[in-house]
Amino acid sequence: MKVSLPKGTRDFLPAQARKRKYLFSQIEQVFQYFGYVPIETPVLENLSTLMGKYGEEGDNLLFKVLNNGDFLAKADAQALTDRDSSRVVSDIAKRGLRYDLTVPFARFVVMHQHELYFPFKRYQIQPVWRADRPQRGRYQEFYQCDVDVVGSESLMYEAELIQIYDTVFHKLGIPVEIRVNNRKILAGIVESAGVPDKLTEMTVAIDKLDKIGVNGVLEEMVRKGIPEGNALHILNTIQLDWDELVNTLTQTISGAKGVAELEQVWEYLEGISPNNHLSKDIRLARGLNYYTGCIFEIALATDQVQMGSLGGGGRYAELTGVFGLDNMPGVGISFGAERIYDVMDELQLWPKDLDRQLDLLVLAMDDVCHRAGFKLVSDLRLAHLRADLYPQPDKFKKQMKYADTLGVPWVAIIGPEELQEQEVTLKNMSTGEQSRVSIREVAAKIQ
RNA sequence: GUGGAUGUAGCUCAGCAGGUUAGAGCGUCGGAUUGUGGUUCCGAAGGUCGCCGGUUCGAGCCCGGUCUUCCACCCCA
């Protein structure tokens, strides 16, 4: 039997799993410092909850889970003979794997609104699934680390989330640029260019500025139905610096509001000194479909590694509106843990002792000594040392080799001679030095 | 979803007009060394050449399909 893994999924060996756990715990600690509480939601959601929330593209990338039982018998016969996949799907699959953590969170808030308090600040670190074509740093199963606050319009939270980004990446040692924009500014730009209904077309195009250049953006906008004159106007506007832009934008209601919001966020941040570069970037156009206010994105601020965005987020005026609960604003950010992991790997930012699993390994020369070894490791564990005992008094060389493979810093050897004196031979594996130590003093010696 | 590349030992890679038993380094295991690992020396194991089919007297190599991984789109973390 040949075994394999589904496309876009991975196993994690101990060395990787340890690094991932470390990464998640670092992120989680920061969330907790800022007063966020954890929640968990199921891997499976009803497709009715998920469908239509991520656009047409998103619906295609949703993993659907086949109903149990004789699902074909209950399917629409006409749809089956027509081979109409989209109609058949709704008959044979009522559940799907979650695509992100935000939509399930919105569902969660609606369902538990009477058990929650507001503003409600939660974090959630769980895997999500997308039937995307895999690439480097892009998987079908991956973790998202989300922090959101719902039930408040205060721009303090925008500032707070920026601070969380700054704190986490500083703590991990990754230099980043935190880019901030506001959807109302983008709305102001299309309004002042005379094409207020072309917001999406414009943002999709200018998001690619770095990649396809000014002419490419112009072409794309024209192709999407923006008249060339208006498109040129847009291009000029997005290349203005902040002060000039403010003059242009304050002529429109949306633009003025967006500018005011961004400036207020900046006021909150004035007193603190971020470790990473913070920028107002009016070309930032990510995830515009549901954001209504500020939007965030994290870009690497080093060219030692090439990697796309390490995180993103924004404010949505009506987080739960699609589920029937109005007036529930939210703002949140997400960390792209998989990409952050890859960046940390390439930049070698992992703590050095991360691969150390044991402080000490006990080796025994015979069965009697092995019993004494069992007692010794028990005592050492009570003393909060990570200690283990080799399972049997094997050939000594083999035991030593195991200790070496594990990378333990200390080895305690119990042979008949040592046992008689109630001692062990304690060996420092990096220097090779060894000495006889009373069994009672082992913990103290290696601490 | 579209277009393009890729796949040989656990890992990194050789291989040849298409021609018997497919190689190397590293790693693994055993021994030199029955109370001492990481160095050294000796030896061994390990492959349906991604999978299925086709062409051929003969395929790891050529052709088709399929899967995986990677790259560019799309989109995103």
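Residue numbering restarts at 1 for every chain, and letters A, B, ... go by the order of the sequence lines.
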On a whole-Å scale, what distance lies between the [atom1] atoms belonging to [N] and [M]?
| N | M | atom1 | answer |
| --- | --- | --- | --- |
| B:rG4 | B:rU8 | P | 22 Å |
| B:rU68 | B:rG31 | C1' | 40 Å |
| B:rG46 | B:rC41 | C1' | 22 Å |
| B:rC51 | B:rC71 | P | 24 Å |
| B:rU69 | B:rU12 | C1' | 16 Å |
| B:rG65 | B:rC74 | C1' | 26 Å |
| B:rA17 | B:rG50 | C1' | 26 Å |
| B:rG30 | B:rU55 | P | 48 Å |

*asked:* Show me, range against range, the stems involving RNA chain B, built from at least 3 consecutive Watson-Crick or G-U pairs below 3.5 Å.
replied: B:1-5 with B:69-73, B:10-13 with B:23-26, B:28-32 with B:40-44, B:50-54 with B:62-66
*Is A:Arg283 paired with A:Glu297 through a side-chain N to carboxylate O contact shorter than 4.0 Å?*
no
*State plainly whether the residues A:Lys184 and A:Glu261 are in salt-bridge range, i.e. N to O under 4.0 Å.*
yes
Sequence neighbours left out, what passes salt bridge (charged side-chain N to carboxylate O under 4.0 Å, His left out) with [X]? Give chain and number order.
| X | value |
| --- | --- |
| A:Asp355 | none |
| A:Arg98 | none |
| A:Lys21 | none |
| A:Glu160 | A:Lys121 |

*Does A:Trp129 have its ring centroid less than 6.0 Å away from the ring centroid of A:Tyr139?*
no
Protein-nucleotides 5-8 of chain B N/O pairs under 3.5 Å:
none

*Would you call A:Phe142 stacked on B:rA77, i.e. ring centres under 5.5 Å apart with the planes less than 30° off parallel?*
yes
Rounded interatomic separation in angstrom, taking [atom1] from [X] and [atom2] from [N]:
| X | N | atom1 | atom2 | value |
| --- | --- | --- | --- | --- |
| A:Tyr99 | B:rA77 | OH | C1' | 10 Å |
| A:Glu220 | B:rC75 | CD | C1' | 12 Å |
| A:Asp207 | B:rC75 | CG | C1' | 11 Å |
| A:Tyr291 | B:rC76 | OH | P | 10 Å |
| A:Tyr54 | B:rC76 | OH | P | 13 Å |
| A:Asn60 | B:rC75 | CG | C1' | 11 Å |

*asked:* The test is salt bridge (charged side-chain N to carboxylate O under 4.0 Å, His left out); show your working for A:Arg223 and A:Glu219 and say whether it passes.
replied: CA-CA 6 Å; A:Arg223 188 148 32 86; A:Glu219 271 173 42; 5.4 Å; no
*Cut-off 3.5 Å, side chains only: do A:Asn181 and A:Asp281 have a donor facing an acceptor?*
no
*asked:* Base contacts versus sugar-phosphate-only contacts with protein, heavy atoms under 4.0 Å: please encode nucleotides 26-46 of chain B as B, S and - from 5' to 3'.
replied: -----S---BBBB--------
*asked:* Counting primed atoms plus P, OP1 and OP2 as sugar-phosphate and everything else as base, spell out the protein contacts along nucleotides 67-73 of chain B at 4.0 Å heavy-atom distance: B, S or - for each nucleotide, 5' to 3'.
replied: -SSSSBS
*Between A:Glu141 and A:Ala131, just flag the one whose closest nucleotide in RNA chain B comes earlier from the 5' side.*
A:Ala131
*Any pair counted as side chain to side chain donor-acceptor pair (under 3.5 Å), so long as it reaches residues 310-321 of chain A, sequence neighbours left out*: A:Asp148-A:Tyr316, A:Glu158-A:Arg315
*asked:* Atom NE2 of residue position A:His170 - does it have more than 12 heavy atoms of other residues, nucleotides or ligands inside 6.0 Å?
replied: no
*asked:* For residues 125-134 of chain A, which residue pairs pass the salt bridge (charged side-chain N to carboxylate O under 4.0 Å, His left out) check, not counting sequence neighbours?
replied: A:Asp132-A:Arg138
*Of all pairs that satisfy salt bridge (charged side-chain N to carboxylate O under 4.0 Å, His left out), the ones with a partner from residues 360-376 of chain A, not counting sequence neighbours*: A:Lys375-A:Asp379
*Set of residues satisfying side-chain hydrogen bond (donor to acceptor under 3.5 Å, both in side chains) with respect to A:Ser279, sequence neighbours excluded*: A:Glu177
*When you measure from the side chain of A:Gln239 to the backbone N and O of A:Leu235, does any donor-acceptor pair fall under 3.5 Å?*
yes
